[in-house]
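Here it is, the structure, as structure tokens.
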Amino acid sequence: MSEKTIPILPCRTIQPVLDFYTALGFEVTFQQKSPNPYAVVQRGGIQLHFFGMKHYEPAESFSTCIVQTDDIDGLHETFRGGLKAAYGRVPNRGLPRIGPLKNTSHGVRQFLMTDPGGNCIRIGQQMSHDQHHRPAPKETFARAVHHASLLADSKEDLTGAAKVIDRVLRLQGERPTPVQLLRLLVLRADVATRLGDKEAATSALAAATAVHLTADERESVEDDLKRLTQLLD
């Protein structure tokens, strides 16, 4: 037996969605303009179908699907490059947008991407057979990183994530390790950028750049340092 699941996702207007996926290296394999707008895009083993809804509101969409890959880092880099070439920048807020690459608490390395139709494509690589969420850390700053990351990337509650980080960085009598501080500041800069808060983003980026790390510490936050470089670009 051989089965395959293909998501059919809504959009108000199909052409901007097709342009977006073409920039990512997808091929438009089918398009119907009438009587009902419908299209198919494919890239390797990824196939997505779209249908048009005249009164659909992309900004209020909850449509999502999961794409599994065995080359998450390569796909993220390719997609970012394609979007930068098409849009002149890598869009990280509004529609469309692509998020940072991160390791989740349930053993998946992933990034989220939202197309012009408001459809969130969750692209991930399974890194562990245990798919249960790991318990939140008990240590103050590690716990803040954990919860702020979940708010920012899983729930897309950017304001909530900013509040968690700002609150923990104002604590008296407790200080994060250099690694924890770097992670908190990079995430704060990321959240501020996505919120359009240039002042907070600039401040967090400057503070993150000033954090001194040993070679071993830099290796442990490789993803965060890569994100810092992207935000500074």
Side-chain angles (χ1 to χ4, degrees), residues 69-84 89-93 97-113 122-128 130 133-154 158 161-171 173-195 197-233:
T69 179
D70 58 4
D71 184 21
I72 189 66
D73 288 77
L75 210 55
H76 187 250
E77 183 176 350
T78 297
F79 284 1
R80 282 180 55 87
L83 292 176
K84 187 172 185 178
R89 61 182 181 85
V90 180
N92 54 25
R93 58 190 293 255
R97 63 181 179 270
I98 185 170
L101 184 60
K102 292 188 175 184
N103 294 323
T104 70
S105 63
H106 57 282
V108 175
R109 184 165 173 78
Q110 72 172 20
F111 64 94
L112 308 184
M113 181 176 70
R122 298 172 178 267
I123 304 173
Q125 181 172 353
Q126 196 73 40
M127 309 301 287
S128 169
D130 182 2
H133 279 280
R134 314 301 189 261
K138 294 183 178 180
E139 194 278 330
T140 301
F141 298 99
R143 188 178 183 86
V145 171
H146 175 86
H147 285 302
S149 294
L150 285 178
L151 286 170
D153 298 316
S154 293
L158 302 176
K163 288 180 179 178
V164 168
I165 297 170
D166 291 343
R167 182 167 57 248
V168 78
L169 289 179
R170 288 196 298 263
L171 289 177
E174 289 186 83
R175 295 300 303 164
T177 67
V179 164
Q180 291 170 337
L181 180 59
L182 186 283
R183 296 195 67 196
L184 286 165
L185 289 170
V186 171
L187 182 55
R188 185 64 179 90
D190 187 5
V191 167
T193 299
R194 290 153 68 182
L195 286 170
D197 186 345
K198 293 183 179 180
E199 183 178 349
T202 299
S203 176
L205 287 171
T209 303
V211 176
H212 175 73
L213 300 174
T214 67
D216 287 343
E217 287 171 338
R218 293 182 67 85
E219 186 175 348
S220 72
V221 289
E222 184 177 350
D223 283 343
D224 302 273
L225 290 173
K226 186 174 183 179
R227 184 57 177 161
L228 175 58
T229 300
Q230 293 169 351
L231 290 167
L232 288 168
D233 186 4

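Worth knowing before you read on, the calculation uses all heavy atoms, side chains too, and leaves out hydrogens, waters and symmetry mates.
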Exercise. In terms of side-chain heavy atoms, does Arg97 have a donor or acceptor partner in Asn92 at a distance below 3.5 Å?
Worked result: no

Exercise. Are more than 12 heavy atoms from other residues, nucleotides or ligands located less than 6.0 Å from atom CD of Glu77?
Worked result: no

Exercise. Are Asp71 and Leu75 side-chain neighbours, meaning at least one heavy-atom pair lies under 4.5 Å?
Worked result: no

For this session: Check Pro137 against Arg143 and note the closest heavy-atom contact, atom names and distance.
Result: O-NH1, 3.1 Å

Problem set entry | CD on Glu222 to CD on Glu217, rounded to 0.5 Å | 15.0 Å

Problem set entry | Asp223: which of Lys102, Arg109, Arg183 passes side chain to side chain donor-acceptor pair (under 3.5 Å) | Arg109

For this session: Would you please test Asp197 and Val191 for side-chain contact (heavy atoms from CB on, under 4.5 Å) and show each step?
Result: CA-CA 9 Å; Asp197 186 345; Val191 167; over 6 Å; no

For this session: With rounding to the nearest 0.5 Å, note down the distance linking NZ in Lys226 to CG in Asp73.
Result: 6.0 Å

For this session: To the nearest 0.5 Å, tell me how far His212 NE2 sits from Thr214 OG1.
Result: 7.0 Å

Exercise. Can you name the nearest heavy-atom pair linking Pro91 to Leu83, along with the distance?
Worked result: CD-CB, 3.9 Å

Problem set entry | Gln126 to Ser128 - nearest heavy-atom pair and separation | NE2-O, 2.8 Å

Exercise. Which of these passes side chain to side chain contact (heavy atoms under 4.5 Å, CB included) with Asp190: Leu231, Leu228, Leu205?
Worked result: Leu231

Problem set entry | Heavy-atom check, side chain of Asp166 versus side chain of Arg170, under 4.5 Å | yes

Exercise. Taking Gln180 for the side chain and Phe141 for the main chain, is one N or O donor matched with an acceptor at less than 3.5 Å?
Worked result: no

For this session: Could you tell me whether the side chain of Leu225 reaches within less than 4.5 Å of the side chain of Leu182, counting heavy atoms only?
Result: yes

Exercise. Between Lys84 and Asp233, does at least one N-O distance fall below 4.0 Å, as a salt bridge requires?
Worked result: yes

For this session: Grab the two heavy atoms, one from Val168 and one from Ala144, that are nearest each other, plus how far apart they are.
Result: CG1-CB, 3.8 Å

For this session: Would you confirm whether His147, through its side chain, and Ile165, through its main-chain N or O, come within 3.5 Å as a donor-acceptor pair?
Result: no

Exercise. Can you find a pair of side-chain heavy atoms, one from Leu185 and one from Asp224, that are under 4.5 Å apart?
Worked result: no

For this session: Could you tell me whether the side chains of Gln230 and Arg227 share a donor-acceptor contact shorter than 3.5 Å?
Result: yes

Exercise. Between the main-chain N or O of Ala200 and the side-chain N or O of Ser203, is there a donor-acceptor pair closer than 3.5 Å?
Worked result: no

Exercise. Shortest non-hydrogen contact from Thr140 to Glu174?
Worked result: OG1-OE1, 3.0 Å

For this session: Measure the spacing between CZ of Arg194 and CG of Asp153 and express it to the nearest 0.5 Å.
Result: 5.0 Å

Problem set entry | Heavy-atom closest pair, residues Arg93 and Leu195 | NH2-O, 3.7 Å

For this session: State, yes or no, whether a side-chain contact exists between Ile98 and His76 at a heavy-atom distance under 4.5 Å.
Result: yes

